[in-house]
Asker: 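Pasting in a structure now, in structure tokens, and then I'll have a few things to ask.
Read the numbers this way: they start at 1 and go in the same order the structure lists the ligands and their atoms.
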Amino acid sequence: MRQSPTPNSHSSIEQSRHLLVTGGAGFIGSNFVHYWCDRYPQDRIVVLDLLSYAGNRRNLEAVEEKENFRFVQGDICDRTLVDALLKAEKIDTIAHFAAESHVDRSILGPEAFVRTNVLGTSTLLEAFRQHWQKRKGKKNENAGGRGNAFRFLHISSDEVFGSLGSDDPPFTETTPYSPNSPYAASKAGSDHLVRAYHHTYGLPTLITNCSNNYGSFQFPEKLIPLMCINILMGKSLPIYGDGQNVRDWLYVGDHCRALDLVIQQGIPGETYNIGGNNEVKNIDLVQMVCQLMDELAPNLPVSPASQLITFVKDRPGHDRRYAIDATKIKTQLGWTPQETIQEGLRRTVEWYLTHQEWWKPLLSEDYQAYYRKIYA
Ligand code: NAD
Ligand code: TYD
């Protein structure tokens, strides 16, 4: 079974891809940049990232010096900047990660989500459409005769499908959209725009809807890093509601491999669900993190760490269960997740344990103010 494309399989006509990676300084975007630089060193990668609170230039330290890499700090809503980058860098592929991504923040302030996730995606789509229409017929440019090489990959979420009951079948690509949080609604809006650009203009778009990711470089506000950091600091571990909510966890490296396959071999206009086949209740996941920290971390302030678990007021509108049916990407593109939750979580816990110099500076005044608002 194919697990990922053969390196260079996309550049059979001696041409390299020129990628614009939006949000490449965030969690999944930076993991994707590392993955791509390792796998396709001949490709040009331009990261466009606003460096919002969630963006971190340090996530890209390992690739900053590479000849084929460029970092641009800027906003995906800035049409002039986007137009200039597409042209100057002869971009043929956009991997669009940039977003406001945290549900709790979307409950505190939805406008930023509408701006970046909906308007930002709309700006990128329109800029890319005009760029593609000008360049798609040209030979001997970056596309190098690969007239079909242009791709707009929109990285989206399973949260657009809403919440499942305990006996419901997992989400498929044809599950109706039913977003519940402002975050999910803004991602749903952006998905619809991407779909419409393919339907109306024939723009070669691809959409992926992925379940919860975990791994290195994830900002401290999300469940797994939050639990790792709080255990190391001896702070309470806040679990919303009864802790029985279920998420389908996927290791970020598996996600990156799936995105690679979708860019190289996905059919324009199609959407692909990506999931870990790995449903876990929040309370069980947090218990696993506690046990790993007990085993791996010397001298924890509170041990066993599970003593820190505290049930707190539920998130408003908290979706009960997400689960992905990834049959389509498995049968059509040969992708399956390779990391088990036990191993992936162990690597992740070790990473937070050994990278305190990465996360400590992120616990800024602004972050503390956010924390107090959510967990007061
Ligand atoms: P993240 O919050 O860690 O990173 C988002 C990045 O986007 C940051 O670097 C930020 O600076 C940048 N950004 C924000 N607004 C911007 C703007 N206006 N212009 C340019 N850059 C901007 O998010 P993540 O967890 O890496 O998620 C990446 C994408 O994957 C998002 O689109 C998200 O919806 C989607 N997704 C995430 C998960 C998950 O579990 N984290 C699961 C499925 C899908
Ligand atoms: P999160 O990482 O915010 O991802 P999402 O809301 O996109 O699924 O949260 C994962 C789950 O963990 C979700 O059910 C909410 C829950 N959660 C807590 O119980 N406590 C917390 O402090 C956080 C951040 C999340």
Side-chain angles (χ1 to χ4, degrees), residues 21-33 47-57 59-60 72-78 81-82 95-107 112-113 115-117 119-121 123-124 154-160 163 180-181 183-184 186-188 190-191 208-215 217-227 230 236-250 252 255 259 273-276 280-283 285-286 309-315 317-322 324 371 374-375:
V21 181
T22 71
F27 163 47
I28 307 175
S30 61
N31 275 280
F32 177 82
V33 169
V47 166
L48 173 61
D49 196 299
L50 186 59
L51 295 182
S52 74
Y53 77 92
N56 188 345
R57 192 88 188 249
N59 297 358
L60 296 168
V72 177
Q73 181 172 5
D75 192 336
I76 55 167
C77 299
D78 181 344
L81 172 63
V82 173
H96 175 34
F97 295 88
E100 289 292 336
S101 69
H102 192 39
V103 173
D104 291 325
R105 286 191 193 253
S106 82
I107 296 168
F113 288 71
R115 181 184 178 277
T116 291
N117 300 1
L119 291 178
T121 302
T123 305
L124 279 178
H154 177 60
I155 290 91
S156 191
S157 162
D158 59 357
E159 305 196 21
V160 299
S163 184
N180 288 321
S181 69
Y183 163 68
S186 67
K187 291 299 288 188
S190 61
D191 291 9
T208 52
N209 294 95
C210 187
S211 59
N212 287 63
N213 281 217
Y214 67 98
F217 298 119
Q218 189 169 29
F219 192 78
E221 67 196 354
K222 301 277 169 54
L223 181 70
I224 290 176
L226 188 98
M227 296 299 150
N230 282 13
S236 70
L237 308 179
I239 311 236
Y240 297 154
D242 61 5
Q244 299 295 307
N245 303 65
V246 172
R247 296 294 183 264
D248 178 357
W249 292 94
L250 179 71
V252 66
H255 189 185
L259 298 176
N273 279 3
I274 304 172
V280 189
K281 288 181 181 151
N282 290 343
I283 182 66
L285 189 76
V286 173
I309 289 175
T310 313
F311 290 90
V312 299
K313 189 163 159 275
D314 208 354
R315 171 189 278 175
H318 194 177
D319 284 340
R320 194 65 172 166
R321 174 177 164 239
Y322 303 140
I324 283 277
Y371 199 94
I374 292 285
Y375 300 103

Asker: We want to know whether His154 and Ser190 form a side-chain donor-acceptor pair, criterion being a heavy-atom distance below 3.5 angstrom.
Answerer: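 Per modelled atom types, His154 and Ser190 side chains form a pair under 3.5 Å.
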Asker: Taking side chain to side chain donor-acceptor pair (under 3.5 Å) as the criterion, tell me which of Asp314, Asp104, Asn282, Asn245 meets it with Tyr240.
Answerer: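 Single side chain to side chain donor-acceptor pair (under 3.5 Å) partner of Tyr240 among Asp314, Asp104, Asn282, Asn245: Asp104.
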Asker: Which residue pairs pass the salt bridge (charged side-chain N to carboxylate O under 4.0 Å, His left out) test with at least one member in residues 239-248, sequence neighbours excluded?
Answerer: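 Every pair satisfying salt bridge (charged side-chain N to carboxylate O under 4.0 Å, His left out) with a residue in residues 239-248: Asp242-Arg320.
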Asker: I need the minimum non-hydrogen distance between Arg57 and Leu51, along with the two atoms involved.
Answerer: N-CD2, 4.0 Å
Asker: Please state whether the rings of Phe97 and Phe32 are parallel, tilted or perpendicular, taking 30° and 60° as the class boundaries.
Answerer: tilted
Asker: With sequence neighbours excluded, what pairs up with Lys281 under the side chain to side chain contact (heavy atoms under 4.5 Å, CB included) test?
Answerer: Gln244, Val246, Ile283, Asp284
Asker: At their closest point, which heavy atom of Gly26 faces which heavy atom of Asn59, and how far apart are they?
Answerer: O-ND2, 3.7 Å
Asker: When you check the side-chain N and O atoms of Glu100 and Tyr183, is any donor under 3.5 Å from an acceptor?
Answerer: no
Asker: Would you say the side chain of Val252 lies within less than 4.5 Å of the side chain of Phe27, judging by non-hydrogen atoms?
Answerer: yes
Asker: Under a 4.0 Å heavy-atom cut-off, what residues line ligand 2?
Answerer: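 Correct list: His102, Val103, Glu159, Asn212, Glu221, Lys222, Leu223, Leu226, Pro238, Ile239, Tyr240, Asn245, Arg247, Asn282, Arg315, His318, Tyr322, Tyr375.
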Asker: Mind jotting down which protein residues get a heavy-atom contact under 4.0 Å with ligand 1? Chain and number order, please.
Answerer: Gly23, Ala25, Gly26, Phe27, Ile28, Asp49, Leu50, Leu51, Ser52, Ala54, Gly55, Gly74, Asp75, Ile76, Phe97, Ala98, Ala99, Ser101, Thr116, Ile155, Ser156, Ser157, Tyr183, Lys187, Cys210, Ser211, Asn212, Asn213
